[in-house]
Amino acid sequence: MNKVKAAVFASGNGSNFEAIMKHEKLACDVVLLVCDKPGASVIEKASSYSVQTFVLNPEDFESKGKYEEEILIKLEQEGVEWIFLAGYMRIAGETLLHAYERKIMNIHPSLLPAFPGKDAIGQAFRAGVAVTGVTVHFIDEGVDTGPIIAQEQVEIFPEDTEELLKIRIQKVEHVLYPTVINSILLSDKME
Ligand code: GAR
């Protein structure tokens, strides 16, 4: 049976993209990587997994709406039904949200609603909290807001450095995200 088609959106390194691709029994086919940063490492990673890449610079468009319309055309051409944001450092606009209602997930390196936005790991580290973590959620029009699907805690030790914390957080992300993707796709299929 054909698997449902998905796109990953990413802006940077792509370790979460890679974790999704490496998952042994992923319940979808990742047919497209959408990237808003020409030259980002994730583009090469996608090519190494033979995933088609669609790279656009938002600055080349007169508005967020026009930028997202271009993406939407491509997503529809490729039959994409689900979108997984994996370090996509941009707030989704109305165009994407409307076309993919409750079909866009995001991973964020904190226990939301704490520490949304950029550098969530650094924010938590500097705040001196004892526990931070990882959240997977459906997105809405806000910055790292929307219904939470899963969270996992990561302890911050007194002797920690930000770099060590990042390594532990990303290790959790790489297991949690593909697992949550699979369970949501499975429950969606049952409905
Ligand atoms: C990940 O830690 C992800 O949770 C975070 O960006 C990183 C991307 O790493 N996302 C956000 O902060 C979203 N607000 P990666 O490119 O190696 O997957």
Side-chain angles (χ1 to χ4, degrees), residues 1-37 40 42-43 45-56 58 64-65 67-109 112 116 134-152 170 172-191:
M1 212 170 73
N2 280 346
K3 288 182 184 172
V4 63
K5 290 179 183 170
V8 174
F9 283 37
S11 308
N13 186 33
S15 70
N16 280 284
F17 166 80
E18 195 156 28
I20 293 168
M21 296 311 299
K22 277 187 174 162
H23 194 272
E24 268 184 18
K25 289 185 177 155
L26 197 68
C28 60
D29 273 332
V30 176
V31 295
L32 192 67
L33 170 82
V34 175
C35 180
D36 62 330
K37 286 269 183 306
V42 69
I43 299 167
K45 287 201 173 86
S47 303
S48 74
Y49 285 93
S50 305
V51 172
Q52 187 187 162
T53 58
F54 192 60
V55 184
L56 304 92
K64 180 182 272 196
Y67 162 72
E68 290 193 344
E69 273 167 30
E70 188 90 3
I71 296 176
L72 201 55
I73 291 169
K74 184 68 180 167
L75 294 172
E76 283 169 358
Q77 272 171 2
E78 301 302 328
V80 168
E81 285 183 47
W82 281 88
I83 296 172
F84 308 126
L85 308 185
Y88 179 68
M89 303 311 269
R90 197 161 284 283
I91 301 160
E94 238 174 68
T95 309
L96 277 176
L97 285 169
H98 182 72
Y100 284 88
E101 204 183 338
R102 281 272 179 156
K103 298 273 183 181
I104 309 179
M105 275 186 233
N106 180 43
I107 187 154
H108 183 77
L112 290 171
V134 175
T135 303
V136 179
H137 64 104
F138 289 113
I139 66 160
D140 62 14
E141 62 289 340
V143 178
D144 299 314
T145 54
I148 290 173
I149 306 165
Q151 290 188 305
E152 193 167 321
Q170 289 220 315
V172 170
E173 289 191 322
H174 298 162
V175 178
L176 186 68
Y177 206 11
T179 307
V180 171
I181 287 171
N182 268 6
S183 66
I184 290 291
L185 291 181
L186 197 71
S187 61
D188 188 58
K189 223 166 96 178
M190 308 281 218
E191 274 173 15

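Numbering starts at 1 and runs along the sequence shown.
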Within the distance-only criterion (no hydrogens, no angle test), does the side chain of [X] pair as donor or acceptor with the backbone N or O of [Y] below 3.5 angstrom?
X    : Y    : value
T145 : E141 : no
Q151 : L112 : yes
H98  : E94  : no
D29  : V31  : no
K64  : I91  : yes
H108 : V134 : no

Tell me, do [X] and [Y] make a side-chain contact under 4.5 Å, heavy atoms counted?
X    : Y    : result
K5   : W82  : no
F54  : E78  : no
H137 : M105 : no
V55  : V34  : no

So, for [X] and [Y], which heavy atoms are closest and what is the spacing to 0.1 Å?
X    : Y    : answer
A92  : L97  : O-CD1, 3.8 Å
E173 : P178 : O-CD, 4.0 Å
L56  : Y67  : CB-CE1, 3.9 Å
E68  : G93  : OE2-N, 2.7 Å
V4   : A27  : CG1-O, 3.7 Å
R102 : F138 : O-CE2, 3.4 Å

Evaluate the side-chain contact (heavy atoms from CB on, under 4.5 Å) criterion for residues V136 and N106: first the C-alpha distance (whole Å), next the side-chain angles of each, then the deciding distance (0.1 Å), finally the verdict. CA-CA 6 Å; V136 179; N106 180 43; over 6 Å; no
Taking everything shown except Q77 itself, do over 12 heavy atoms lie less than 6.0 Å from its CD?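 Yes.
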Name all residues meeting the side-chain contact (heavy atoms from CB on, under 4.5 Å) criterion together with E152; count only those two or more places apart in sequence or in a different chain, and write none if there are none.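 side-chain contact (heavy atoms from CB on, under 4.5 Å) check on E152 returns V172, L176.
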Pairs flagged by side-chain hydrogen bond (donor to acceptor under 3.5 Å, both in side chains) wherever residues 176-186 is involved - sequence neighbours left out: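 For residues 176-186: none.
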For D188, which residues count as a salt bridge (charged side-chain N to carboxylate O under 4.0 Å, His left out) partner, sequence neighbours excluded?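 Scan of D188 (salt bridge (charged side-chain N to carboxylate O under 4.0 Å, His left out), adjacent residues dropped) gives K103.
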